[in-house]
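Encoded as structure tokens, the structure appears first; notes follow it.
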Amino acid sequence: MASPLISSRRYWAFFIYVVLVSHVSNGFYLPGSYMHTYSTGEEIFVKVNSLTSIETELPFNYYSLPYCKPPGGVKKSAENLGELLMGDQIDNSPYRFKMNVNESIYLCTTPPLNEHEVKLLKQRTRDLYQVNMILDNLPALRYANQNGLKIQWTGFPVGYSPQNSNDDYIINHLKFRVLIHEYEGAGVQIIGTGEEGMGVITETDKSKTSGFEIVGFEVVPCSVKYEPEKMTKLHMYDNTSSINCPLDLEKSQIIREQERVSFTYEVEFVKSDIRWPSRWDAYLKMDGARVHWFSILNSLMVIFFLAGIVFVIFLRTVRRDLTKYEELDKEAQAQMNEELSGWKLVVGDVFREPNHSKLLCVMIGDGVQITGMAVVTIVFAAFGFMSPASRGMLLTGMILLYLFLGIAAGYVSVRAWRTIKGTSEGWRSVSWSTACFFPGIVFVILTLLNFILWESNSTGALPISLYVILISLWFCISVPLTLVGGYLGTRAEPIQYPVRTNQIPREIPARKYPSWLLVLGAGTLPFGTLFIELFFILSSIWLGRFYYVFGFLLIVLLLLVTVCAEVSVVLTYMHLCVEDWMWWWKSFYASGSVAVYVFLYSINYLIFDLQSLSGPVSAVLYLGYSLIMAIAIMLSTGTIGFITSFYFVHYLFASVKID
């Protein structure tokens, strides 16, 4: 007996160790391709992403502003499904570097700014729009001092508006600092490192891999007023003299009509000890680790408290009553049945078909699908397979997982339908409803939000072609798999009820307080497990920060599942004890009501933490996406609670002997 116990403990100890290490280890990212090394003088081109703002949350195309365009014209980079859904639009740019060559370069001078361009530049400046540049898959990083603290940002502002001034100034000179690491490739093997690659580099590849790796990309933005007559004599990529960022506003480039803006940049290459596998560490620095641990410890206290209640219910109350009941002879049992109270009185009604049983089966199926998607995604991310270097991969992976898990949704919903109805009749309707329910809600909300984005000419608006792709993926993958799962559900044995249901339903005694109040209050316990991590997730989505503490998120997910199961079991038992046999929907919403608090917290976050968010359009977008998140959480947590409660009730009444 000791040996299996010890091996089990070692297994769990190893699992917990790997989960904890996965979020603090450096240089462990997604496999995919080799790292890129550059030789001296080799040309490197910078790419530009959509302009973004935490004030409006409406991304716009970089070339919607009068910036210099590359000589060969603007060319879009290939984008995956996740990038398109997030509003990314990555294009080439005229910014060209030569590896390990420091230089100051002239780009272009714009024609005199017209009224529309000035209005647009001023609006983007005052809405705090950021220019996002990418070099060798690294976003441009900017450092700033605020209240004596060094703060880092990705991207740089379109312009700035000095205090006590109505004028705006454009950023037209960039000082780039590229950190490089010299790699010789001699006698070195690199196995499974790097956010873009898992490769093996040996001496046979020495000639191909020797050179410089880009391990950092920093930018200092400046506004410089040039003489247009002098600058127009230059050609693109001509060398200019290096300059310091002016502090005097008179020497900065103002935004006004008929002004001609000249764009220049400097690049400096600096050798660094940072290795290529660790180059994303500057972006993924984890602040507030103590807060995450506090959240986890707080959740553990809630779990132990609820586990104590469940322990008392099972071992003291239920087992004691069942033992006492089974020790009596038949006459004594018959006499005792007349004197019984509590959950034993609803033995003939506890498995009576609930109201709207089809909807319940559909929501359970969708909940299984969403929960499976979340668990697999977070597990993969916790072990380093969802790198921020692969833009949009997290969202793309979630969508594909959701589509393929349709088979699980169909199976669970139809099997629940057979269990409740006792027949397979109508399983196709249940399967179709399962395939359409949650995607239909998301489709309606996204379409309404998309009309708003189309009206604003934002790159965040989904093009019609993407709508066609998403609908095709849903119809060709998710729907057939859901129907296949439903068919398998008809072939599976339905769960047999341990007791018979009476023909006449028992009257439920009146209560002093409504049952929905208890159900709604139960959601506060799962929310207490979730809300701190929810703050970091919302900050990463709406404030443009990287979220990469998936190790913590995996632990929080496991705690959330445990709390949801315990809350639902306790609440179901409390309802049965007051002879309320209508426990089906209550067990679902006991844990699913956490979604109400998630949505209310999202509103609180909008009011108190997103104070910079401006305009009703941005608020509607935020609330729309928050509503989708809340509905998904309700279906997932509600399903966890219902399934746990169902098996609890099944076990409870399977132990009662009924003649």
Side-chain angles (χ1 to χ4, degrees), residues 343 346-371 406-441 482-483 485-508 515-516 519 522 564-565 568-569 571-573 575-576 579-593 595 631 634-654:
W343 61 269
V346 296
V347 67
D349 298 276
V350 71
F351 290 108
R352 189 177 300 281
E353 180 182 342
N355 297 327
H356 311 294
S357 55
K358 181 180 177 181
L359 178 61
L360 179 63
C361 295
V362 168
M363 292 174 74
I364 293 167
D366 279 336
V368 167
Q369 194 172 4
I370 294 167
T371 304
I407 191 168
Y411 176 84
V412 171
S413 59
V414 170
R415 194 170 183 206
W417 174 257
R418 283 194 70 197
T419 300
I420 293 173
K421 288 288 188 179
T423 176
S424 299
E425 187 177 351
W427 71 270
R428 291 182 181 85
S429 174
V430 173
S431 298
W432 271 103
S433 300
T434 303
C436 299
F437 182 71
F438 181 67
I441 293 173
T482 306
L483 291 172
Y487 175 76
L488 295 176
T490 63
R491 292 300 178 197
E493 285 294 325
I495 301 171
Q496 298 296 330
Y497 294 147
V499 293
R500 293 191 300 270
T501 302
N502 297 335
Q503 291 185 351
I504 302 174
R506 180 184 181 85
E507 184 179 354
I508 300 173
S515 59
W516 63 263
V519 169
C564 287
S568 188
V569 165
L571 209 73
T572 299
Y573 182 76
H575 280 102
L576 293 177
E579 302 175 32
D580 185 353
W581 47 266
M582 301 178 68
W583 59 272
W584 301 77
W585 280 106
K586 291 174 181 130
S587 67
F588 185 93
Y589 285 118
S591 52
S593 61
I631 293 172
M634 179 199 70
L635 292 172
S636 176
T637 55
T639 298
I640 293 166
F642 172 81
I643 292 175
T644 311
S645 290
F646 179 84
Y647 282 104
F648 165 72
V649 173
H650 191 280
Y651 166 80
L652 186 62
F653 286 92

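The first residue in the sequence is number 1, and the count goes up from there.
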**Asked** Side-chain contact, heavy-atom cut-off 4.5 Å: His575 with Ile508?
**Response** no

**Fill in**
Hits for side-chain hydrogen bond (donor to acceptor under 3.5 Å, both in side chains) against Ser636, two or more places apart or cross-chain, chain-then-number order -> Thr371

**Message:** So which atom in Cys361 and which in Ala416 form the shortest heavy-atom distance, rounded to 0.1 Å?
**Reply:** SG-C, 3.8 Å

**Request:** Taking the side chain as every heavy atom from C-beta outward, state whether Met582 and Asn355 have any atom pair closer than 4.5 Å.
**Result:** yes

**Asked** Do the rings of Phe646 and Trp583 sit parallel, tilted or perpendicular, given the 30° and 60° boundaries?
**Response** tilted

**Asked** Are side-chain heavy atoms of Lys358 and Ser429 found at a separation under 4.5 Å?
**Response** yes

**Prompt:** Among pairs that include at least one residue of residues 352-371, which meet ring pair (Phe, Tyr, Trp, His ring centres under 6.0 Å), considering only residues two or more places apart or in two chains?
**Reply:** none

**Item:** Results of salt bridge (Lys or Arg N to Asp or Glu O under 4.0 Å) for Asp349 - residues two or more places apart only
**Value:** Arg352

**Asked** To the nearest 0.5 Å, what is the distance between OG (Ser515) and CG (Leu571)?
**Response** 9.0 Å

**Prompt:** Is Trp427 reaching over with its side chain to a backbone N or O of Gly489, donor-acceptor style, under 3.5 angstrom?
**Reply:** no

**Request:** Could you tell me which non-hydrogen atom of Met634 sits nearest to which non-hydrogen atom of Ala595, and how far apart they are?
**Result:** CB-CB, 3.4 Å

**Message:** Tell me whether the rings of Trp585 and Tyr589 are parallel (<30°), tilted (30 to 60°) or perpendicular (>60°).
**Reply:** parallel

**Message:** How close do Ser431 and Gly486 get, counting heavy atoms only, and between which atoms?
**Reply:** OG-CA, 3.5 Å

**Message:** List the residues meeting side-chain contact (heavy atoms from CB on, under 4.5 Å) with Tyr411, not counting sequence neighbours, and say none if there are none.
**Reply:** Arg415, Leu488, Ala492

**Asked** Is the closest side-chain heavy-atom distance between Ser568 and Phe648 below 4.5 Å?
**Response** no

**Request:** Could you check if a side-chain atom of Ser591 sits within less than 4.5 angstrom of a side-chain atom of Phe642, using non-hydrogen atoms only?
**Result:** no

**Prompt:** Is there side-chain contact between Leu576 and Leu652, with heavy atoms separated by less than 4.5 Å?
**Reply:** yes

**Prompt:** For the residue pair Phe437 and Met363, what are the closest heavy atoms and their distance?
**Reply:** CE2-CG, 3.9 Å

**Prompt:** If we only count heavy atoms from C-beta on, is the Pro354 to Leu360 side-chain gap below 4.5 Å?
**Reply:** yes

**Message:** Could you measure the distance from the CG atom of Asp366 to the CD1 atom of Ile631? Nearest 0.5 Å is fine.
**Reply:** 11.5 Å

**Message:** Minimum heavy-atom separation for Val430 and Val362, please, with both atom names.
**Reply:** O-CG2, 4.0 Å

**Prompt:** What is the minimum heavy-atom distance between Leu635 and Phe438, and which atoms define it?
**Reply:** CD1-CD1, 3.6 Å

**Request:** With sequence neighbours excluded, give me every side chain to side chain donor-acceptor pair (under 3.5 Å) pair touching residues 416-426.
**Result:** Glu353-Lys421, Arg418-Ser424

**Request:** Test side-chain contact (heavy atoms from CB on, under 4.5 Å) on Trp432 and Thr482 and set out the steps.
**Result:** CA-CA 8 Å; Trp432 271 103; Thr482 306; over 6 Å; no

**Request:** Can you run down the side chain to side chain donor-acceptor pair (under 3.5 Å) pairs that involve residues 489-498, sequence neighbours left out, and say none if there aren't any?
**Result:** Tyr487-Arg491

